[in-house]
Amino acid sequence: MKVVYTDSLIIGGGLAGLRVAIAARQRGYDSIVLSLMPAKRSHSSAAQGGMQASLGASVKGEGDDEDVHFEDTVKGSDWGCDQDVARMFVNTAPKAIRQLAAWGVPWSRVRRGNREVVINGEKVTITEKNEAHGLITARDFGGTKKWRTCFTSDGTGHTMLYAMDNKAIELGIPVHERKEAIALIHEDGVCYGAIVRDMITGELIAYVARTTTVATGGYGRLYSVTTNAVISEGIGCAIALETGVASLGNMEAVQFHPTAIVPVGILTTEGCRGDGGLLLDKDGKRFMPDYEPEKKELASRDVVSRRMTEHIRKGKGVPSRYGDHLWLDITLLGRAHIEKNLREVKEICEYFLGIDPVKEYIPVRPTQHYSMGGIRTGATGESPTLKGLFAAGECACWDMHGFNRLGGNSVAETVVAGMIVGEYVADYCQTNPLRIDTKLIEHFMDKEKNKIRAVLKRSKGESPIALKKEMQQIMMDKVGIFRNEADLTQAVEELKDLHQRSRNIFLRNKISSSNPELVEAIRVPKMIRLAQCVAYGALLRKESRGAHAREDYPERNDRDWLKRTLAYWKDENEDLPQLEYEDLDVMKMEMPPGSRGYGADNTIHHPDTEKRMAEIEDIRKANPKADRFEMQQLLNPIELPEKFRGKNERIGRGFN
Amino acid sequence: MESLIVDEKIKKSRIPARLDLIQSGTGLILGLFMWVHMMLVGSIILGKDAFYFVAKFMELSFLHPTGEGYPAVVFFAVLGVFTLFIIHAALGVRKFPISWKQHAILRQQMGMMKHSDTNLWYVQVVTGFIMFFLGSVHLYVMLTHPGQIDPYLSANRVINHNMWPLYLVLLFAVEFHGTIGLYRLCMKWGWFAGKNPVESRKKLKRIKNRLAVFFLAVGLVALLVFSVIGIRHKDRVGEPYKPQAAVEKTLLVSNSSS
Amino acid sequence: MSEKERILKFHILRYNPQIKGDTPTMKIYEVQEAPGMTIFIALNDIREKQDPSLQFDFICRAGICGSCAMIINGQPDLACRTLTSKFPEGEIKLLPLPGFELIGDLSVNTGKFMRAMSERVESWIHDQDADNVDLDRLEERMDPDVADEIYELERCVECGCCISACATKRMREGFLGAVGLMRLARYATDPRDKRSNEDFYEIIGDDDGVFGCMTLLGCQDYCPKDLPLQIQIAYLRRKMAMVR
Ligand SMILES: Cc1cc2nc3c(=O)[nH]c(=O)nc-3n(C[C@H](O)[C@H](O)[C@H](O)COP(=O)(O)OP(=O)(O)OC[C@H]3O[C@@H](n4cnc5c(N)ncnc54)[C@H](O)[C@@H]3O)c2cc1C
Ligand code: HEM
Ligand code: HEM
Ligand code: SF4
Ligand code: F3S
Ligand code: FES
């Protein structure tokens, strides 16, 4: 039995995983990163649009600060987020971006003087200040009050990931590539590492560590059409679920991005609309202002996606052999802008659609894009139920996104969470020496070995690829943008059936070393379980919140549903996850539930909302001299690691 | 201070940099020299007198009191070029595929990609290899017969001493090698890249092709003219050319003394 | 799109070094073409319907991550963004990228190579203060044009096409290759990296480094991201040749 020991095991080499590894390494703990692929190929590299941080250097970002960012994030989440975490996040984001700047990300910078931009379909000249020249600039993104999304042309994720991985290489952090974690080792509520399969040799290796951090990204591939990479299959979440001890939070919160190209689902960045692109219907009419007069194309993603779907349902979509779609028009931005700031978009249009977006409209449709849900963690990133297990990034339900995340808040989360959780991981390493019985390792090892053996031995049964396709279709058709009781009930039943069938997977290609079919065989049952958590959670949540839109319950229901869904899979033989709920405490909210200012407002309010509003009012009155920092401390006191507590400087206003 | 000394010790040798510069420098000089060389030799196309004039001019006849020139000048010029040639060749050989395995990989790669610039490099290697022998012979001949460049003697060499096959091959070799080499020099050091390097490269490649055609044409016609002269002059091998007009001579003399 | 009912013939190199005694063979697969079909779609189709053991790497399937480079009819390119309609004859020959450790069939270990490359050129900002910057303060300013320029050089996706397209690299194992030179040029351009020309010389100042490049320009012509490799290698060469 091959066993590898380390202090801090990180499963996932995307932005979040690498940042945690760096934090632990810098505190002196050995870290090993596992990844399915070279770390630089992680899906973080696909983020084109940008990273939100309230630097407020660009003139259109003036007046921005943590508070505005906080407000946008909470509204974006439809009050579904954890406000402590959102606070920790917004306060740390400027530091994260500045650190990345020091580590080599070539953030696009403010250029002094006049600059022509497209706002609301019209060319406008804005004048950047002299003093801001050379600071990190920002662009407009959906759901934000200020221009806050920092970027490097259209390769933000790429440059961030490269800088991050290069930093990890500098620190000598080993990244064990083509290794897949397939189970967590745990006992009595403590996690001790993972059983890992070498995808080349097929060998199983036990990685034993003081802390285990899951940072495996999203699970978009539960759906048949998604913007996500083909490896975004959620295995990290699934192995946490399979412990029976850790839980997954808000799995039903799945985001659809308004503008992925048809049919393949490759994303065109929100930057297209942020920079002034418009959505048009089959008559060439700009329809978003009719639905969202205030924010138009730049309402939050859940809203725009739903409006697009509504519009298509009204028969305004452009028919095609792949179903109806709408147009994204960026021709008005001009060649120079597109070739510089939206080049990846241009390449994608050229290569996959054979069109020139400088001259032609892009066929787009809302497509699965982001998983707000994931491994439930507390504010430190640790699972509340499984000690020593941490999660960060898209796979985590750290819960700063609630039911809808804002564009640009995700890569920001990966890095910020990486910084913060990384410190807590190091703290845990410091206080918890590794004590583990090899019997326990053997037990988990044998279990996985036997599972694989059984699959290899079976001479007939289900094809894993076929099962996966069925699952993806069910999710797409019945657990999509708009949801309803009938579809969801069906989905839950059908998935249950798939889950049973998945116990009977058989392979045509019976080798245990590198074998793509075996990889599927290991993953598919796990993916089906995740899909069940999503579908079942969606069925039970009888309200509409953020990305979770129930046609039969169109209102946001704070009274009954201001709570987080927690999914457990306590008994392996069960065919459904067990759902529990965790209340969001209005009385602790810095910003009690209200209207988002876009989308329909038909909220059923929580009884505490008014009470909390009054309380906040009292606190404000009682502390008339308190500045915004003191106020925040009073309303929402948060814990941050010492090094991230400082105030952030901004041009023109210093540290205020 | 101490760290400085350590730094000094681990410092990487600067020789590779120098060798690269020398390789390119010698290549550049040889490449440009060959333009001049082909123009000079090509003067035979304009007539024997023209060639004679050029040959004598090169021997610095205009400095000579009787206009006979100093063959030693040619000797030293050849010696210089020969030296450059040898240095350049010695450095070039380093880049050759040194083992059969390397050569096989190169060929396989070329067969797979059919990539023009890689193929061009292979042409350079092959032509370089050829010149290694033929060029040496030519230079050796020139070195040992400094005073014997004139329309008849040269034509004799071409035809009666059977140099023409060598010249024919050498001509193609040197023109391909030289023009490709100069193009590669621009690529290698980023010369003439301008604002749009991709466009500039296309342009330079076009220029390279035209130059090759031009110099090949000049060389071939010159070789033909030498051949014709050589065949006509067959029965008087070894007899040097006598310029017809004494006027010319006086002109030259007066020219040089003024 | 008119000839959409074509049957495509894929000639694919099959070899699994994990299986003892396996030898490389070319196998032919027939696939019905669909509109907008890419090699990514076709290969998945083959894996699903014909041969579940076929190995290849795709991640982003959008031409962004650089994992799917292979030799397509003799040319190194990203398979995920290569449309089958590009090949009028309907014959597509696929080979794994040469110059890398073969994992199996069309899958090669570019990751290992690139990590070694990064370590060799020390692909990170060298600045003693980088870890002590005060994260609360305004970031250090950078000229917007310089930032853009660095980004241009950082668009490399480590796909490995430039390595496979370089006969020099293929002949000489030790040669750094275009991707490494490019990476170094990126840091040489970056004012945040405090390394001097002498420092860079220590890394690439020999015939395994910039002086080993014979300007074959395969890298330039096959880089799927159109990075300015020729110009940047020339820039490094000038810089390094002048180091005293
Ligand atoms: C097309 C696209 C564009 C986007 N654009 C933006 C944007 O502009 N702004 C923004 O903020 N967000 C954007 N996002 C979202 C954002 O990119 C992701 O949420 C974020 O990068 C996720 O990072 P991560 O570190 O959590 O995971 P990832 O980067 O996905 O990394 C996951 C890692 O886990 C590894 N892994 C997975 N499973 C296993 C396993 N079982 N064993 C071992 N290793 C495993 C993988 O190899 C990989 O290294 C975009 C997303 C997409 C799909
Ligand atoms: C024995 C004869 C010769 C040999 C073996 C030889 C070999 C080579 C080789 C191998 C190269 C490629 C170097 C590289 O890729 O780095 C080269 C380049 C070059 N050669 Fe030659 N060569 C010879 C003679 C000549 C002659 C006579 C000329 C003049 C026309 C010439 C001009 C050039 C030029 C201009 C270059 C480009 C320089 C460079 O790449 O640095 N060579 N030679
Ligand atoms: C200083 C050195 C050189 C001198 C003085 C010189 C001189 C001459 C002369 C006089 C001729 C005419 C034929 C003859 O007289 O035999 C000639 C022809 C030729 N030389 Fe040179 N040469 C020199 C260097 C070279 C070099 C380096 C090369 C290439 C490697 C070269 C290639 C040729 C070729 C190809 C011809 C035939 C041209 C034709 O008629 O088409 N020469 N040279
Ligand atoms: S330089 Fe170009 S070809 Fe080479 S690895 Fe980078 S992207 Fe690929
Ligand atoms: S192909 Fe190779 S030889 Fe140099 S110019 Fe590119 S690295
Ligand atoms: S799969 Fe990512 S570039 Fe092709």
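To find a chain, count down the sequence lines: A is the first, B the second, and so on, and within it residues start at 1. Quick caveat, the model's predicted, so the values are computed rather than measured.
No side-chain donor-acceptor contact under 3.5 Å links C:Y151 to the backbone of A:V105. Judged by distance alone, the side chain of C:R192 and the main-chain N or O of A:A101 form a donor-acceptor pair under 3.5 Å. Of the possible polar contacts, one joining the A:H158 side chain to the C:C156 backbone as a donor-acceptor pair under 3.5 Å is found. Although no hydrogens or angles enter the test, the distance criterion places a donor-acceptor pair under 3.5 Å between the side chain of A:R41 and the main chain of C:C65. Listed for the C:R61 side chain is no donor-acceptor partner under 3.5 Å among the backbone atoms of A:A229.
Proximity to chain A (any heavy atom under 4.5 Å) is shown, for C:V146, by neither the backbone nor the side chain. The contact between C:L83 and chain A is made entirely by side chain atoms (from C-beta outward), counting heavy-atom distances below 4.5 Å. At a 4.5 Å heavy-atom cutoff, the contact between C:Y187 and chain A is made by side-chain atoms alone.
Among residues 130-137 of chain C, the residues having any heavy atom closer than 4.5 Å to a heavy atom of chain A are, in sequence order, C:A130, C:D131, C:V133, C:L135, C:D136, C:R137. Heavy-atom proximity under 4.5 angstrom to chain A picks out C:I103, C:S107, C:V108 from residues 96-108 of chain C. Residues of residues 12-20 of chain C that come closer than 4.5 Å to chain A, counting heavy atoms only, are C:N16, C:Q18, C:I19, ordered by residue number.
A:F151 pairs by the ring pair (Phe, Tyr, Trp, His ring centres under 6.0 Å) definition with nothing, not counting sequence neighbours.
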Let's go through C:R155 and A:T159 carefully: what are the C-alpha distance in whole Å and the side-chain angles of both, what is the deciding distance for side-chain hydrogen bond (donor to acceptor under 3.5 Å, both in side chains) to 0.1 Å, and is it a yes or a no? CA-CA 8 Å; C:R155 293 175 66 249; A:T159 55; over 6 Å; no
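With a 4.5 Å cut-off on side-chain heavy atoms, A:R111 and C:D143 do not count as touching. For the pair C:S118/A:Y162, no side-chain contact is recorded, criterion being any heavy-atom separation below 4.5 Å from C-beta on.
Scanning all heavy atoms of the two residues, the minimum distance from A:Q48 to C:I64 falls at NE2-CD1, 3.9 Å.
Looking at A:E517 and C:S53, their side chains never bring a donor and an acceptor atom within 3.5 Å of each other.
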